[in-house]
There are 2 protein chains.
Amino acid sequence: MKTFSISEVAKELNVTAYTLRYYDKEGLMPYVERKESGQRLFKESDIAALKVIECLKSTGMPIKEIKTFIDWCTDGDSTLQQRFDMFMERKAVVDMQIAELKKTMELIDHKCLYYKTALDAGTEEIHKNDKIEIPHY
Amino acid sequence: MKTFSISEVAKELNVTAYTLRYYDKEGLMPYVERKESGQRLFKESDIAALKVIECLKSTGMPIKEIKTFIDWCTDGDSTLQQRFDMFMERKAVVDMQIAELKKTMELIDHKCLYYKTALDAGTEEIHKNDKIEIPHY
DNA sequence: CTAATCTTTAGAGTCAACTCTAAGTCAAGT
DNA sequence: ACTTGACTTAGAGTTGACTCTAAAGATTAG
């Protein structure tokens, strides 16, 4: 079975080897095997697991909570409900994050328009009489 | 003209007064006026400006870059182009963030299904023969 | 007038998530 | 055999964004 070194995995996942060792220290990689000499041997499945970790991280989940999830995985079938619940909760979180980004986008679009108009006029003065416009910007 | 104290503004924006003072220290509020005694007097427009700061922050922009933007605002019409470009860039960033969250959501949905199936079967064993399934979870 | 509750500052402390250093071991090429 | 580069560890250092403390001054309610 093909295996990968820490720097190969780091490259593949666009993180540093430092980061991967940090994750290991924090207990996120209890499954990664080693050579006699202590060097890590990453399998394809280990990389897949790291991608799930990346996924959780990108929802804003802190390392310690991800660790809890990894521990559940190690504990086996008795934790299936917790793990299901966790992913359902993450789903709700991501839904909220997308909704918030869309609101953020509205303000940004508004500002783009604001500055386009000012730029065409050569001055921000053009917005002096706007209804509920924001004075400072 | 109605003004607000720091704790009123903090409540309104769902941040602490500490945070607002920190933003001030970092130069994000050069426009907020003071009483003789030194107490801050927030105007409606100051709150609106803070909402723009919140917006930029929620796109992941660090405080120091937001400070640069505030400085541009202070500099007047000569920086209109930079400010327009900045918001266009933020727009692109937010587009990417939404796209990434959608990819994240795909994996999460997949995991929800995975655990639902396992939960119904009472064991993760049910996924042993999945095509490209992830062994550890 | 007084007590309680703001507010102010400078500066120290916290926290998460890296990021790096030092000293040593291991592996690959010539 | 030797050099170069990648790997290991424990532990220290960094960064960003707060978060709080202490000591002082200001404001409000009774």
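Convention: sequence-line order gives letters A, B, ...; per-chain numbering from 1. Remember, it's a predicted structure, so these values are computed and weren't measured experimentally.
- Between A:E54 atom CD and C:dC18 atom C1' there is a gap of 13 Å when expressed in whole angstrom units.
- Closest contact between the side chain of B:R21 and the listed nucleotides D:dA17, D:dA6, C:dT7 involves C:dT7.
- Going from atom NZ of A:K11 over to atom P of D:dA6 covers 10 Å, rounded to whole Å.
- Stacking of B:K25 on the aromatic ring of B:Y22 is not recorded, the 6.0 Å distance cut-off and the 45° axial limit not both being met.
- When heavy atoms are screened at a 4.0 angstrom cut-off, A:K57 is found touching the sugar-phosphate backbone but no base atom.
- In terms of phosphate contacts, A:Y23 brings a side-chain nitrogen or oxygen within less than 4.0 Å of OP1 or OP2 of C:dC18.
- In this structure, B:K2 is positioned above the aromatic face of B:F4, its NZ or CZ under 6.0 Å from the six-membered ring centre and within 45° of the axis.
- Residue whose closest nucleotide on DNA chain D sits further toward the 5' end, between A:G38 and A:K25: A:G38.
- A:R34 has a side-chain polar atom (N or O) that falls below the 4.0 Å cut-off from OP1 or OP2 of D:dT9.
- In this entry the distance linking CD1 of A:I6 with C1' of C:dA27 reads 16 Å, nearest Å.
- Nucleotide C:dT7 holds its P atom 12 Å from the CG atom of B:L41, rounded to whole Å.
- Neither side chain, A:Y115 nor B:Q81, offers a donor N or O lying under 3.5 Å from an acceptor on the other.
- Among the nucleotides D:dC7, D:dT27, C:dT8, the one closest to any side-chain atom of A:Q39 is D:dC7.
- Rounded to a whole Å, the CZ atom of A:F42 is 14 Å from the C1' atom of D:dA6.
- Using a cutoff of 4.0 Å between basic side-chain nitrogens and carboxylate oxygens, A:E124 and B:R83 are scored as salt-bridged.
- When the side-chain nitrogen and oxygen atoms of B:T19 are compared with OP1 and OP2 of D:dA17, none of them lie within a distance under 4.0 Å.
- Taking atom CD of A:E8 as the reference point, atom C1' of C:dA28 lies 14 Å away to the nearest angstrom.
- Residue B:I66 contributes atom CD1, which lies 8 Å from atom P of D:dA17 at whole-angstrom precision.
- Contact annotation for B:R40: backbone-only contact, meaning every heavy-atom pair under 4.0 Å involves sugar-phosphate atoms and none involves a base.
- At the phosphate of D:dA17, neither OP1 nor OP2 sits under 4.0 Å from any side-chain N or O atom of B:Y18.
- For B:K64 and D:dC18, the NZ to P distance is 14 Å, given to the nearest whole Å.
- Here the nucleotide nearest the side chain of B:K35, chosen from D:dT27, C:dT8, D:dC18, is D:dT27.
- Side chain of A:D46 to main chain of A:K43: a donor-acceptor pair is present (N/O by atom type, distance under 3.5 Å, no hydrogens or angles).
- Using a 4.5 Å cut-off between side-chain heavy atoms of Ile, Leu, Val, Met, Phe, Trp and Tyr, with links allowed through other members, B:I63 and B:F69 fall into the same hydrophobic cluster.
- Residue B:S5 places no side-chain N or O under 4.0 Å from the OP1 or OP2 atom of C:dC6.
- Of the residues near DNA chain C, A:G60 and B:D24, the one whose nearest nucleotide (by heavy atom distance) lies more toward the 5' end is B:D24.
- Phosphate contact (OP1/OP2 of D:dT27, side-chain N/O of B:S37, threshold under 4.0 Å): present.
- Between B:T16 and the phosphate of D:dC18, there is no side-chain N or O to OP1/OP2 separation shorter than 4.0 Å.
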